[in-house]
> 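If you scroll down you'll find the structure; I have some questions about it.
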Number of protein chains: 2
Amino acid sequence: MAGRRRRTAAESKTLILETAARRLRQHGLEGLNITGVADDAGLSHATLIHHFGSSEGMRDALSEKMTLDLIQDLVVAMDAKISPAELAGNVFEALSEGGHGKLLAWRAVEGYREHQDMGMVRDLFNQLLQTTQKVLDVETREDLQRIILLVATAAVGYGIAGDVLVDMLGMSKEAVDKFPGWVTAKIGS
Amino acid sequence: MAGRRRRTAAESKTLILETAARRLRQHGLEGLNITGVADDAGLSHATLIHHFGSSEGMRDALSEKMTLDLIQDLVVAMDAKISPAELAGNVFEALSEGGHGKLLAWRAVEGYREHQDMGMVRDLFNQLLQTTQKVLDVETREDLQRIILLVATAAVGYGIAGDVLVDMLGMSKEAVDKFPGWVTAKIGS
DNA sequence: ATGCTTATCTACATCAATGTCAATAAGGTG
DNA sequence: CACCTTATTGACATTGATGTAGATAAGCAT
C-alpha cells in the first residue's frame with residue numbers, strides 16, 4: 001500500500017486507548033472490540049493485536065489507564081491548597097466528568113480484578129487521605145474514614161446515576177449546583 | 001427426544017430471567033448471551049429466542065425486571081412505619097444486596113434507555129418521595145430533594161464501589177456497620 | 001380419544017469478532 | 001546508501017453467538 005504512517009509503539013497505544021475510551025463513552029461496553037476501535041482509529045485490527053496481544057489485553061490496558069487518570073484527577077481536585085468548602089464540589093466535579101463514571105460502572109459489572117498497578121493506586125489513595133485530613137482538619141481516624149466514604153460513595157453514585165435521580169426528583173439546575181456545597185456543610189457540622 | 005418438560009410461557013420466562021440475573025452477577029455482562037443462559041437454564045437457545053424474540057430482547061426484559069425489583073425493594077425498605085434512624089440503613093441494605101448494584105452499573109455503562117415501564121418507575125419513585133417526607137418530617141421541598149439525592153447517590157455508590165473503598169480506607173467491619181446510622185444522624189442535623 | 005395450540009428441540013445457515021501468518025514498508029542507524 | 005528493527009497490513013482460518021425453519025410432543029379443551 002502506498003503511504004502508510006508508522007508511529008512509535010507508544011504513540012499508537014495512546015491513539016488506540018483514546019479511541020477506545022471515546023467508544024466506551026459513546027457506545028458502552030459493546031464498543032470495546034478491536035475491530036470497532038481499529039476502524040475508528042483508522043488502523044487494521046491486526047495492529048491492535050500486535051500492540052496489546054489480544055482484545056482482552058486492550059481492554060485491560062484501557063482499564064488501567066482510566067483508573068490512573070481517575071485517581072490523578074482526584075489528587076488534583078483535592079489539592080491541599082483548596083478550602084474545605086470546595087472539597088465536595090471538586091470531588092463531585094472530578095468524578096462526573098471525563099467518563100470516570102463509565103469506568104467505575106464498567107469495573108463494577110465486570111468485577112474488580114486487580115491491576116498490575118494496584119500498588120500505585122493505593123499509594124495515590126493514601127496520599128488523598130492525608131490531603132483530606134489536612135484540608136478538613138478532622139481529629140479522629142474514624143471520622144476521617146466516614147467522611148471520605150460518604151463523599152466518595154455519593155460522588156460515585158452521582159457520576160453514575162446523578163442525572164437520572166435529578167430528573168426524577170424534579171430538581172432545578174440551581175438546586176443541583178448548590179448540592180455539593182450543602183454536602184460539605186453537612187459533613188462539617 | 002424422550003421426556004421434555006413443557007412449562008407455561010410465564011414459567012419459562014421467569015426461569016430464564018432468573019438464570020440470566022444469576023449469570024450477570026457471576027460472569028458480568030458477557031454472561032448475558034442466549035447460548036450461555038440457555039445452557040445454565042437447561043434449555044436450548046432457540047427456546048429463549050422463541051420467548052424473547054432475540055438476544056437483545058432477553059436483555060431488555062431482564063433490565064426491566066431488575067429495575068422493578070429494585071424499586072420494589074426500595075419501597076419496602078422505606079416503609080412509612082420505619083423510624084428516621086433506620087432510613088439510611090435500610091436504603092443502603094436494599095441497594096447493596098441482590099445484585100442491584102450490578103443493574104445500576106449495567107445501565108450506567110450501556111446508557112439509560114427508557115423502558116416501557118418507565119411510567120411505573122416514576123410512580124413508585126414519587127411514592128417513595130412522599131414516604132420519605134413523612135418519615136423525616138422535612139419542611140421545605142428543597143431539603144427533601146437534597147436529602148434524598150445524598151442518600152440515594154451514596155447508597156448507589158456504596159453498592160457499586162463500597163467494598164473497594166472500605167478496603168482502601170482500611171475500615172473495620174464495626175465502623176462500616178455504623179456508617180449508615182452516622183449518615184442518618186448527619187442529614188438529620 | 002381426538003385435535004389444537006405452542007413450548008421445545010435439532011439441524012442448518014449466517015455473521016461478526018478474534019487471532020494467525022507472511023508480506024510490506026517506514027523510519028532509524030551504521 | 002545499505003541494513004535492521006518492527007509497525008502495519010491484507011488474507012485466511014477459526015470460533016462462537018445469533019437467528020431460522022421445520023419437526024416433535026406436552027398439555028389443555030372438546
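The sequence lines fix the lettering, A, B, ..., with proteins before strands; numbering per chain opens at 1. The model shown is predicted, which means the values in this text are computed figures rather than measured ones. Values reported hereafter were calculated over all heavy atoms of this structure, with side chains retained and with hydrogens, waters and symmetry mates removed.
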> Contact list please: residues 6-13 of chain B against DNA chain D, heavy atoms, distance less than 4.0 Å, in numerical order.
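Contacting residues: R6(B).
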
> If you count heavy atoms of other groups shown closer than 6.0 angstrom to CE of M120(A), is the number above 12?
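No, the 6.0 Å shell around CE holds no more than 12 heavy atoms from other groups.
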
> Which pairs with one or both residues in residues 49-62 of chain B pass salt bridge (Lys or Arg N to Asp or Glu O under 4.0 Å), sequence neighbours excluded?
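For residues 49-62 of chain B, and leaving out neighbouring residues, the salt bridge (Lys or Arg N to Asp or Glu O under 4.0 Å) pairs sorted by first residue read E56(B)-R113(B), D60(B)-R113(B).
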
> In whole angstroms, how far is the C1' atom of dA17(D) from the CZ atom of F52(B)?
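From F52(B) CZ to dA17(D) C1': 18 Å.
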
> Check this one for me: any side-chain N or O of H50(B) less than 4.0 Å away from OP1 or OP2 of dT8(C)?
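No, outside the criterion.
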
> Describe, in one word, how the ring planes of F179(B) and Y158(B) are oriented to each other, choosing from parallel (under 30°), tilted (30 to 60°) and perpendicular (over 60°).
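Rings of F179(B) and Y158(B): parallel, under 30°.
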
> Can you name the residues that form a side-chain contact (heavy atoms from CB on, under 4.5 Å) with R7(A), not counting sequence neighbours?
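R7(A) satisfies side-chain contact (heavy atoms from CB on, under 4.5 Å) with R5(A), E11(A), S12(A), L15(A), L43(A) only.
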
> Measure all distances between protein nitrogen or oxygen atoms and nitrogen or oxygen atoms of nucleotides 19-23 of chain D, and list the pairs falling under 3.5 Å.
unit_1, atom_1, unit_2, atom_2, d
dG19(D), OP2, S55(B), N, 2.8
dG19(D), N7, H45(B), NE2, 3.0
dG19(D), O6, H45(B), NE2, 3.2

> What donor-acceptor contacts under 3.5 angstrom involve side-chain atoms of residues 128-138 of chain B, with partners at least two apart or in another chain?
unit_1, atom_1, unit_2, atom_2, d
T131(B), OG1, Q127(B), O, 2.9
T132(B), OG1, L128(B), O, 2.7

> Respond yes when some side-chain nitrogen or oxygen of S44(B) is under 4.0 Å from OP1 or OP2 of dC9(C), and no when none is.
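For dC9(C), OP1/OP2 do have a side-chain N/O of S44(B) under 4.0 Å.
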
> Applying side chain to side chain donor-acceptor pair (under 3.5 Å), name anything that partners D39(A), two or more places apart in sequence or on another chain.
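Once residues adjacent in sequence are excluded, D39(A) has no partner under the side chain to side chain donor-acceptor pair (under 3.5 Å) criterion.
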
> Rounded to the nearest Å, what distance is computed from the CD atom of residue E30(B) to the C1' atom of nucleotide dT15(D)?
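Checked: the CD to C1' distance equals 16 Å.
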
> Is it the case that S83(A) and E86(A) place a side-chain donor and acceptor less than 3.5 Å from each other?
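Side-chain D/A pair, S83(A) to E86(A): present.
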
> OP1 or OP2 of dA7(C) less than 4.0 angstrom from a side-chain nitrogen or oxygen of T47(B), does that happen here?
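No, because none of the side-chain N or O atoms of T47(B) sits under 4.0 Å from OP1 or OP2 of dA7(C).
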
